[in-house]
2 protein chains.
Amino acid sequence: MQSRTPASRATGRPRSAAADAAILAATREALVELGWSKLTLGDVATRAGVAKTTLYRRWAGKNELVVDAVAELFDELEIPNRGSLAADIEGVVLQFAAILARPEARSGLMAVIAESTRDDALRERIRTSIVERQKRLVLEGRTRAQARGELPPESDPTTVDLIFDVVAGAVVHRTLVSAEPADERWVRAFTRLLLVGLGGAAG
Amino acid sequence: MQSRTPASRATGRPRSAAADAAILAATREALVELGWSKLTLGDVATRAGVAKTTLYRRWAGKNELVVDAVAELFDELEIPNRGSLAADIEGVVLQFAAILARPEARSGLMAVIAESTRDDALRERIRTSIVERQKRLVLEGRTRAQARGELPPESDPTTVDLIFDVVAGAVVHRTLVSAEPADERWVRAFTRLLLVGLGGAAG
DNA sequence: GCAGTTACGCTACGGGTCGTAGCGAAAGCC
DNA sequence: GGCTTTCGCTACGACCCGTAGCGTAACTGC
């Protein structure tokens with residue numbers, strides 16, 4: 001959501017928080033039934049039981065609305081503490097895959113990423129509300145693995161960025177491009193590849 | 001493109017091959033200037049110097065047109081023979097990254113992939129004209145590395161799928177989501193991670 | 001050459017969505 | 001009650017979609 005000027009003004013009729021929730025839920029519902037391209041803001045407004053103008057007062061357009069609607073799906077992401085780096089990775093990747101398997105994420109996420117290639121503000125919105133939240137999990141997992149002694153202390157901060165791109169990219173590509181499920185078997189093979197590299201994974 | 005019934009009929013005025021090329025080039029030009037969402041078929045037709053109806057006679061819609069226009073960008077992909085698996089991987093990843101760095105690929109590819117999540121025919125079109133061509137490179141690289149003795153003979157065919165998702169996914173995510181260049185430094189770090197795994201890459 | 005067939009350019013059209021303007025009513029603060 | 005902001009509603013011009021219809025161009029086979 002976007003704040004009014006600095007913080008919400010104390011005067012006038014307040015915005016309905018229920019309307020926000022209804023609009024975002026209606027957006028996800030429309031994503032499931034219609035997909036990104038056939039989703040219209042008028043339809044979302046009708047589903048949410050609000051006027052179309054109300055929707056436009058809160059979001060600049062389809063892109064921003066869908067980013068917020070999809071971002072809520074990632075709220076549940078948490079890195080499990082399963083006792084080993086491999087198990088932790090498998091756990092978080094399975095969670096990530098489960099979210100991407102949902103139709104409202106599949107059809108919406110790639111579309112807004114595509115739009116963000118020509119809209120810096122949109123990319124920033126995606127980064128802060130979706131990507132950074134995921135990347136934090138990678139940081140936590142690394143810290144925990146280092147405490148266990150499974151990973152050496154890391155000095156290069158770009159390694160985290162690299163791992164994040166590899167993990168998230170692989171799951172997204174498997175799910176959306178190859179269009180095959182990132183199930184337990186796949187996740188195990190992927191985790192092994194990540195940990196021991198190509199030579200080990202081929203054994 | 002789509003063939004007429006089995007093979008092109010021998011009667012009647014033939015379709016202009018020049019028009020095909022002009023339309024696809026105009027599509028890429030429009031992708032650069034306008035991006036996916038603001039690209040209209042009427043505009044593409046005008047740029048190509050053909051009538052809008054001609055465009056609709058050859059492509060079912062925006063999705064199919066952009067897939068074909070973007071697919072041509074991947075024609076130049078070839079796996080180099082640099083003498084070692086690591087060097088081969090770095091070479092092909094750099095080529096792939098160079099294509100994804102082009103604006104007509106960035107804005108178009110993700111958009112059609114997003115659309116393909118709700119359109120099986122479109123996904124199949126993407127698979128045959130873009131994805132499979134990339135996957136062939138992975139196969140060639142593996143065969144060559146096995147001949148060199150760098151990789152053990154592989155029995156599990158799903159390993160190729162896994163590697164492909166990891167490589168393509170990582171580059172795409174780095175380029176389009178993280179929005180940072182997959183330059184030589186990054187590619188070297190990625191290749192090392194792929195070959196020796198997390199423990200080695202962290203050293 | 002001439003008939004047959006297909007592609008092409010052009011124009012026009014109904015249908016749908018966009019994003020905004022304007023209005024009166026509702027809901028909160030002082 | 002007065003002030004302020006939000007809300008629902010209606011209406012609107014602008015744009016794009018995808019198709020139909022027509023006359024013309026290009027190529028094949030007789």
Side-chain angles (χ1 to χ4, degrees), chain A residues 1-24 26-27 30-31 33-66 107 111-112 115 118-119 121-122, chain B residues 1-24 26-27 30-31 33-66 107 111-112 115 118-119 121-122:
Chain A
M1 317 340 117
Q2 62 274 59
S3 53
R4 289 159 275 274
T5 352
S8 300
R9 303 182 57 120
T11 176
R13 174 176 176 174
R15 285 193 174 172
S16 162
D20 270 334
I23 291 171
L24 292 176
T27 303
L31 276 175
E33 293 183 17
L34 306 173
W36 162 268
S37 57
K38 293 183 181 173
L39 178 149
T40 69
L41 295 195
D43 181 68
V44 170
T46 304
R47 289 172 188 263
V50 302
K52 191 173 61 166
T53 45
T54 297
L55 215 154
Y56 275 102
R57 287 189 190 101
R58 305 186 184 203
W59 285 277
K62 193 168 162 177
N63 294 338
E64 291 76 9
L65 173 62
V66 170
S107 48
V112 292
E115 289 302 305
R118 310 201 96 250
D119 183 339
L122 183 63
Chain B
M1 334 309 139
Q2 61 276 56
S3 52
R4 291 160 274 274
T5 354
S8 302
R9 302 183 56 121
T11 175
R13 175 175 175 175
R15 286 195 174 172
S16 162
D20 270 333
I23 291 171
L24 292 175
T27 302
L31 277 176
E33 293 184 18
L34 306 173
W36 162 269
S37 57
K38 294 182 181 174
L39 179 148
T40 69
L41 295 195
D43 181 68
V44 170
T46 303
R47 289 172 189 264
V50 302
K52 191 172 62 164
T53 45
T54 296
L55 215 156
Y56 275 102
R57 288 189 189 102
R58 307 187 182 201
W59 285 278
K62 193 169 162 176
N63 294 338
E64 291 76 9
L65 173 63
V66 170
S107 49
V112 294
E115 290 302 306
R118 311 201 96 251
D119 184 338
L122 183 63

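All heavy atoms count here, side chains included; hydrogens, waters and symmetry mates do not. Every chain is numbered from 1, with letters handed out A, B, ... down the list of sequences.
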Tell me every residue that passes salt bridge (Lys or Arg N to Asp or Glu O under 4.0 Å) with B:Asp43, counting only those two or more places apart in sequence or in another chain.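 Once residues adjacent in sequence are excluded, the partners of B:Asp43 under the salt bridge (Lys or Arg N to Asp or Glu O under 4.0 Å) criterion are B:Arg47.
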From [atom1] of [X] over to [atom2] of [N], roughly how many Å is that when rounded to an integer?
| X | N | atom1 | atom2 | result |
| --- | --- | --- | --- | --- |
| A:Trp59 | C:dC18 | CH2 | P | 16 Å |
| A:Arg15 | D:dG8 | CZ | P | 12 Å |
| A:Tyr56 | C:dG22 | OH | C1' | 17 Å |

With a 4.0 Å cutoff (strictly under), does any side-chain N or O of B:Thr11 reach OP1 or OP2 of C:dG4?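 Answer no for this pair, as no side-chain N or O of B:Thr11 is under 4.0 Å from OP1 or OP2.
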Contact under 4.0 Å: B:Arg57 side-chain N or O vs C:dA7 OP1/OP2: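 Answer no for this pair, as no side-chain N or O of B:Arg57 is under 4.0 Å from OP1 or OP2.
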Can you list, by residue number, the residues of residues 33-48 of chain A that have a non-hydrogen atom closer than 4.0 angstrom to DNA chain C?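 Residues of residues 33-48 of chain A under 4.0 Å from DNA chain C: A:Thr40, A:Leu41, A:Gly42.
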Restricting to side-chain hydrogen bond (donor to acceptor under 3.5 Å, both in side chains), what partner residues turn up for A:Arg13, sequence neighbours left out?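 Testing A:Arg13 for side-chain hydrogen bond (donor to acceptor under 3.5 Å, both in side chains), a comparison that skips the adjacent residues, returns none.
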If you check every side-chain atom of A:Lys52, which of D:dG18, C:dC18, C:dG4 has the closest atom?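 Within the option list, the nearest is C:dC18.
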Along DNA chain C (nearest heavy atom to each residue), the more 5'-positioned of B:Pro14 and B:Thr53: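 Nearer the 5' end of the strand: B:Pro14.
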For the base of C:dG4, is there a side-chain donor-acceptor partner from B:Arg13 under 3.5 Å away?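 Such a pair does not exist between side chain and base.
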Mind checking the NZ-OG1 spacing from B:Lys62 to B:Thr40? Nearest 0.5 Å is all I need.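 Between B:Lys62 NZ and B:Thr40 OG1, I get 7.5 Å after rounding to 0.5 Å.
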Any side-chain heavy-atom pair from A:Trp59 and A:Leu41 closer than 4.5 angstrom?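 No - every pair of side-chain heavy atoms lies 4.5 Å or more apart.
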